[in-house]
Q: 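Before we start, here is the structure in question, set down as structure tokens.
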Amino acid sequence: MAHSHHVATLRAFIAQLNELRELAGSPTLSELRRLSRPSGKTPGLARELTESTTHDILSGKRKRVPGWPWVSSFVSACTTAAELTGLDVSTLGDTDAWHRRWRAAHLGTPTVQEPAPAETAPASPASPASSPFTRPAVRPQEQSGPQEAPRRTRQRPTAPSEPPLPEATQHLLQVYGRTGARLLHHSDVGNGDDCMRLAVIALLKGWPEEGRQWLRQAGDAGHADAPALFNDPQQSRAAAELAYRYGRHYQRAGPEQLSVAMFFYRLAGNHGQADAAYRLAMIHQSKGEDWAAASWFNRAASNGHPKAARKFDGASEQLTQPPWNTDGALPIGLIEAPAPVEPPAGDSPADHG
């Protein structure tokens, strides 16, 4: 009975840590490691979050509650990630609240749901609508701490429910997605290249008015392609070509930008850009994500990519055969790097930031 109680308490705490990461915008393990590195600006971070340790803890492979120095670093890194994305950090809980949660888990005491801050209530209908040129303000963390968890012996511990995100933040995530919201946060609204990227994201995610606003902004900043895209009768197709070019630019920038490259390839591939779908499939295959690779090879083949059909046939056949069932790996013979393609005119890093 004592062992079952310990396991339940540990699982509840791990669920809370995973929920914190989700509320912070789902930063990658490498981002968490970078944000946790001690520096003069972050003297409170006590431990760097290595990818392997963080993965083992969040996936439940560790059988003990992580130590407080690790938890403190994780909370601080998630808070920083949320601030960089423009999310509301008041929903995450402060260090004191997390220390109480950690102590309860460490002692094997079930935790109860903590009250959500009053300021997280949805905005009134009279509030002004969010525009793509404004970002949600980050409010200070709540000063009133959560209630202490009472001691219980039989009740199964439960993770706190997810508090509602502010209306403006919900709008940004709905329009741009999490990766797009990060790009928005780091964009200069007076820079034509930045505005063009944001226009492409909004257009391809089904928000044409948002996209046109960014195109007007890009035109005002002097970007030569903005008027042409604004008036293009096949606007989605033209935007997909730009998304493909952005994906190539970020892929060439190195492994740290690969997730952004995949984001733009996915946008382009979803709108019929065959080479974007093919390149995305190749990335998934190189990462061992074979079902996703097969799906995107199929998408590329249906849009006329000359190599995709063969790759899809090979990947599909492999997925039905051992040893895929044991290690998830495709044979080396099925892995082929895409042929190098010279960038189109004007497709240089300087053109796309």
Side-chain angles (χ1 to χ4, degrees), residues 25-28 31 81 84-87 130-136 168-169 171-232 234-277 279-280 283 341 343-353:
S26 299
T28 64
E31 287 175 321
L84 292 175
T85 312
L87 298 177
S130 173
S131 77
F133 310 115
T134 60
R135 303 181 185 126
T169 301
H171 176 75
L172 290 176
L173 293 178
Q174 186 178 21
V175 176
Y176 303 102
R178 295 192 181 277
T179 300
R182 290 194 184 103
L183 291 174
L184 170 63
H185 183 77
H186 294 287
S187 295
D188 178 1
V189 297
N191 182 286
D193 292 328
D194 288 356
C195 293
M196 284 293 293
R197 270 192 296 270
L198 296 170
V200 166
I201 294 171
L203 290 171
L204 296 182
K205 289 180 74 67
W207 295 85
E209 185 53 41
E210 300 269 357
R212 285 191 288 268
Q213 288 185 45
W214 280 121
L215 288 175
R216 295 187 189 99
Q217 192 83 353
D220 291 343
H223 199 291
D225 294 337
L229 182 57
F230 190 96
N231 296 302
D232 196 310
Q234 296 182 309
Q235 195 174 63
S236 293
R237 181 176 179 178
E241 290 298 322
L242 284 173
Y244 165 64
R245 289 166 56 181
Y246 294 147
R248 288 184 55 203
H249 164 66
Y250 281 107
Q251 187 174 14
R252 288 196 299 265
E256 292 184 355
Q257 299 292 340
L258 188 60
S259 63
V260 184
M262 295 176 72
F263 170 74
F264 279 110
Y265 284 153
R266 190 174 295 109
L267 286 176
N270 279 330
H271 286 79
Q273 219 291 343
D275 200 40
R279 288 173 181 266
L280 182 58
I283 294 172
V341 180
D347 187 25
S348 65
D351 291 331
H352 305 295

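We number each residue from 1, following the sequence as shown.
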Q: Just to verify, what does A218 make a side chain to side chain contact (heavy atoms under 4.5 Å, CB included) with, not counting sequence neighbours?
A: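 Here the qualifying residues are C195, M196, H223, A226.
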Q: In a table with atom names and distances, give each donor-acceptor pair under 3.5 Å that connects a side chain of residues 265-274 to protein atoms at least two apart or in another chain.
A:
residue	atom	partner	partner atom	Å
Y265	OH	R248	N	3.4
Y265	OH	Q251	OE1	2.6
N270	OD1	R299	NH1	2.8
N270	ND2	R266	O	3.1
H271	ND1	L267	O	3.1
H271	NE2	L204	O	3.4
Q273	OE1	D275	N	3.0
Q273	OE1	A276	N	2.8
Q273	NE2	E241	OE1	3.4
Q273	NE2	E241	OE2	3.3

Q: Are F264 and L183 packed together at the side-chain level, in the sense that at least one heavy-atom pair is separated by less than 4.5 angstrom?
A: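 In contact.
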Q: Closest heavy-atom contact between N191 and D193?
A: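 Minimum heavy-atom contact is OD1-N, 2.9 Å.
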Q: Minimum heavy-atom separation for H186 to D194, with atom names?
A: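 Shortest heavy-atom contact: O-OD2, 4.4 Å.
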Q: Atom CD of Q257 and atom CZ of R252: how far apart are they, to the nearest 0.5 Å?
A: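 Result: 12.5 Å between the selected atoms.
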Q: So which heavy atom on G25 is nearest to which on L87, and how close?
A: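 Closest approach of G25 to L87, heavy atoms only: N-CD1, 3.6 Å.
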Q: State, yes or no, whether a side-chain contact exists between W214 and L203 at a heavy-atom distance under 4.5 Å.
A: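 Side-chain contact under 4.5 Å: no.
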Q: Provide the full list of salt bridge (Lys or Arg N to Asp or Glu O under 4.0 Å) pairs with a residue in residues 215-224, sequence neighbours left out, each pair given once.
A: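 Those involving residues 215-224 are E209-R216.
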Q: Do you know the tightest heavy-atom contact between G211 and A199?
A: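 Of all heavy-atom pairs spanning G211 and A199, the closest is O-CB, 3.6 Å.
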Q: In chain order, what residues pass the side chain to side chain contact (heavy atoms under 4.5 Å, CB included) check against A238, with sequence neighbours excluded?
A: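 So A238 forms a side chain to side chain contact (heavy atoms under 4.5 Å, CB included) with L229, D232.
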Q: Going by side chain to side chain contact (heavy atoms under 4.5 Å, CB included), name the residues that satisfy it together with E256, two or more places apart in sequence or in a different chain.
A: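 E256 satisfies side chain to side chain contact (heavy atoms under 4.5 Å, CB included) with no residue once adjacent residues are dropped.
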Q: Kindly compute the distance separating CD1 (I201) from CD (E210), expressed to the nearest 0.5 Å.
A: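 Interatomic distance, I201 CD1 to E210 CD, rounded to 0.5 Å: 12.0 Å.
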Q: Taking only residues two or more places apart in sequence or in another chain, which ones pass side chain to side chain contact (heavy atoms under 4.5 Å, CB included) with T28?
A: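 By the side chain to side chain contact (heavy atoms under 4.5 Å, CB included) rule, T28 matches S30, E31.
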Q: How close do A239 and V200 get, counting heavy atoms only, and between which atoms?
A: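 Answer, listing the atom of A239 first, then V200: O-CG1, 3.5 Å.
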